Structure formats: structure tokens, C-alpha cells
Amino acid sequence: MPRIKIAPSILSADKSKINEEIKEVEKYSDLIHVDIMDGIFVQPTTVDANFVKTIRTKVPLDVHLMVHEPSDSYIKGFIDAGAFSITIHEEACKNPMRQLEFIKKNKINAAISIKPKTSLDAIKPYLDMVDMVLIMTVEPGWAGQKFIAETLSKIRELRHLKTNIDIEIDGGINSITARIAYDEGANVFVAGTSIFGKKDRVQAINEIINSLKQ
Ligand code: DX5
Ligand code: ZN
């Protein structure tokens with residue numbers, strides 16, 4: 001299994017002082033998870049590529065596009081803004097291969113995501129070309145939701161299929177749910193509320209990491 005990575009989600013951070021917020025966690029983070037919502041694929045809207053450009057950190061930016069049919073130029077905006085990896089949603093694209101190929105052509109990491117009710121079969125055609133799969137463990141769109149345990153069987157199945165791929169989980173992740181999903185094969189842990197919702201973010205990250213070591 002690939003190594004454990006912790007990815008704080010800045011959806012729950014204070015955007016008006018985003019670089020200070022990131023500074024608090026960056027020593028203990030492997031990725032910074034940036035949620036982009038378009039008001040179409042998911043109801044809310046969030047920050048855009050211009051905002052991503054203002055982020056100053058050495059930690060790789062993991063951009064999660066909850067966006068309907070992102071165009072090449074839209075995706076390029078995030079690549080130019082400094083994305084290390086870009087995740088698209090299978091349900092949001094008519095032919096996800098097109099977006100994945102564009103991302104790979106630009107020499108950054110490509111990932112595909114599925115919502116809790118989408119089966120793993122939907123993304124099997126892309127498994128050989130992606131660097132990471134994001135298995136959503138809540139319905140995308142909002143922070144602070146409860147982890148959906150029915151997603152665990154997809155994590156298990158995917159880990160059996162792909163021993164070396166990064167399996168990211170996102171939604172309702174804390175020290176308890178991270179451990180449960182880790183036991184099924186997840187290795188990249190996105191957490192918003194359970195990190196930025198706490199006063200001591202370093203302690204919050206350590207709680208997650210420690211739960212995985214036990
Ligand atoms: C939700 C986003 C998540 C969100 C998770 O659609 O994709 O990244 O920040 O928030 P928590 O960790 O609070 O569930
Ligand atoms: Zn996300």
C-alpha cells in the first residue's frame with residue numbers, strides 16, 4: 001500500500017487569512033485539499049483559480065473539482081495556479097477520459113472521483129491512467145457531514161484491484177473514520193471540520209495520524 005498522506009481541506013478554513021491558516025498545518029500535511037464547487041454539479045459555489053493563485057505554500061495543492069463538464073481552459077486555469085493534482089468527478093463528465101488526458105498531458109497528477117452511490121465499475125476504465133482515486137465518503141457539496149459507511153466496500157474492492165494506487169477519501173473523516181477506512185485500504189485522508197474546526201490544528205492532525213498507527 002502507498003504511504004499515508006494527510007490532506008487538510010481548506011473548505012473549513014478562514015479564507016480571509018488563508019495563508020496563515022495553511023501555515024499552521026503545513027508542516028504536518030502532505031497535501032492541501034482545495035474544493036472547487038460550481039453551483040451546478042453541486043449546489044454551493046466556492047473559490048476559483050484566482051483564489052488558488054494567492055495560496056503560498058510548499059505543500060502540493062490537491063484540487064478537487066466538483067464541477068460540471070470542466071473545459072480544457074478551465075482546468076488549465078488551475079494548473080497555472082499551481083495545482084499538483086486535479087480530481088474530476090465521473091458523474092460530472094460525459095467522457096471523463098477527455099479531461100483526464102488533458103490533465104496528464106500537462107504533466108500533473110490526475111484523479112477521478114465517485115460519489116457515495118456511484119459504483120466502482122463506473123471508473124474501472126480509467127484506473128490504469130489515474131494517479132489517484134477519490135472515493136467520496138459523503139455527498140459532495142458540504143463540509144461537516146457524517147461519514148457514509150457503505151462506501152467502505154468500494155475502498156476494499158479498489159485496493160484489491162490496485163495495490164499501488166493512491167486511494168483518497170473525503171467527507172466526515174476524523175481519527176475514528178480514518179482508521180476504519182485505512183483498514184480497508186485508503187491511504188490519503190482529506191479532513192476539513194476535524195482539523196480546521198478545532199482550535200489546535202496540529203493536535204487534530206496528530207490524532208488522525210496516531211489512530212492510523214495503532
Ligand atoms: C465536500 C468536500 C470536502 C469537505 C470535507 O464536498 O469535498 O473536501 O471539505 O469536509 P469534512 O471533512 O468536514 O467532511
Ligand atoms: Zn473535497
Side-chain angles (χ1 to χ4, degrees), residues 5-15 18 21-22 24-25 28-49 51-52 55 59-68 70 75 78 83-92 109-118 123 130-152 154-155 166-182 186-199 201 203-205 207-209 211-212:
K5 294 177 190 145
I6 304 292
S9 166
I10 58 165
L11 188 61
S12 306
D14 184 343
K15 307 281 187 318
I18 194 60
E21 292 277 82
I22 291 175
E24 266 189 54
V25 298
Y28 309 89
S29 306
D30 301 284
L31 299 164
I32 296 293
H33 185 82
V34 184
D35 289 302
I36 310 294
M37 306 186 191
D38 66 351
I40 301 168
F41 180 65
V42 288
Q43 234 179 60
T45 52
T46 53
V47 295
D48 57 12
F51 176 85
V52 178
I55 297 176
V59 183
L61 300 179
D62 170 35
V63 174
H64 176 196
L65 294 185
M66 284 162 273
V67 173
H68 174 74
I75 291 172
F78 290 96
F84 164 80
S85 71
I86 293 186
T87 302
I88 58 158
H89 265 270
E90 187 276 334
E91 306 88 350
N109 283 4
I112 191 153
S113 179
I114 45 175
K115 300 202 278 185
K117 291 196 189 91
T118 305
I123 55 165
V130 294
D131 301 282
M132 181 169 82
V133 171
L134 167 53
I135 302 213
M136 287 303 296
T137 43
V138 299
E139 287 299 330
W142 294 270
Q145 302 179 77
K146 195 172 165 281
F147 178 85
I148 299 172
E150 284 75 20
T151 57
L152 289 168
K154 290 193 278 189
I155 299 171
D166 274 329
I167 302 181
E168 181 175 57
I169 51 169
D170 181 8
I173 303 304
N174 54 40
S175 57
I176 294 164
T177 52
R179 175 68 213 207
I180 296 168
Y182 172 72
N187 71 297
V188 184
F189 302 91
V190 176
T193 310
S194 74
I195 295 176
F196 285 108
K198 302 264 173 65
K199 223 180 173 157
R201 280 82 185 263
Q203 192 196 324
I205 293 176
E207 266 175 36
I208 297 174
I209 294 173
S211 76
L212 304 175

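First listed ligand is number 1; within each ligand, the first listed atom is number 1. All values reported here derive from a predicted model rather than from experimental measurement.
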Exercise. Flag the pair His68 / His89 as yes when their ring centroid distance falls below 6.0 Å, and as no otherwise.
Key: no
Quiz item: Just by modelled atom types, is the Ile10 backbone N or O under 3.5 Å from a matching donor or acceptor in the Lys15 side chain?
Solution: yes
Quiz prompt | Test side-chain hydrogen bond (donor to acceptor under 3.5 Å, both in side chains) applied to Lys5 and Asp166, Asp30, Asp62, the passing residue | solution = Asp166
Quiz item: With sequence neighbours excluded, what pairs up with Asn174 under the side chain to side chain donor-acceptor pair (under 3.5 Å) test?
Solution: Thr177
Tabulate distances under 3.5 Å between N/O atoms of ligand 1 and N/O atoms of the protein, writing both atom names on each line.
unit_1	atom_1	unit_2	atom_2	d
ligand 1	6 (O)	Gly141	N	2.7
ligand 1	7 (O)	Asp35	OD1	3.0
ligand 1	7 (O)	His64	ND1	3.3
ligand 1	7 (O)	Asp170	OD2	2.8
ligand 1	8 (O)	His33	NE2	3.3
ligand 1	8 (O)	Asp35	OD1	3.1
ligand 1	8 (O)	Asp35	OD2	2.7
ligand 1	8 (O)	Asp170	OD1	2.7
ligand 1	8 (O)	Asp170	OD2	3.0
ligand 1	9 (O)	Ser9	OG	2.7
ligand 1	9 (O)	Asp35	OD2	3.1
ligand 1	12 (O)	Gly192	N	2.8
ligand 1	13 (O)	Gly144	N	2.8
ligand 1	13 (O)	Thr193	N	3.1
ligand 1	13 (O)	Thr193	OG1	2.3
ligand 1	14 (O)	Gly172	N	2.8

Quiz item: Looking at side-chain heavy atoms only, is the closest gap between Pro8 and Arg201 below 4.5 Å?
Solution: no
Quiz item: Protein N, O or S atoms less than 2.8 Å from the Zn ion (ligand 2), ignoring waters?
Solution: His33 NE2, Asp35 OD1, His64 ND1, Asp170 OD2
Quiz item: Can you check whether Asn109's main-chain N or O pairs, donor with acceptor, with Ser85's side chain at less than 3.5 Å?
Solution: no
Quiz item: Is the closest side-chain heavy-atom distance between Phe84 and Leu31 below 4.5 Å?
Solution: yes
Quiz item: Does a side-chain N-to-carboxylate-O contact under 4.0 Å join Lys117 and Glu139?
Solution: yes
Exercise. State which residues pass side chain to side chain donor-acceptor pair (under 3.5 Å) with Thr151; sequence neighbours excluded, sorted by chain then number.
Key: none
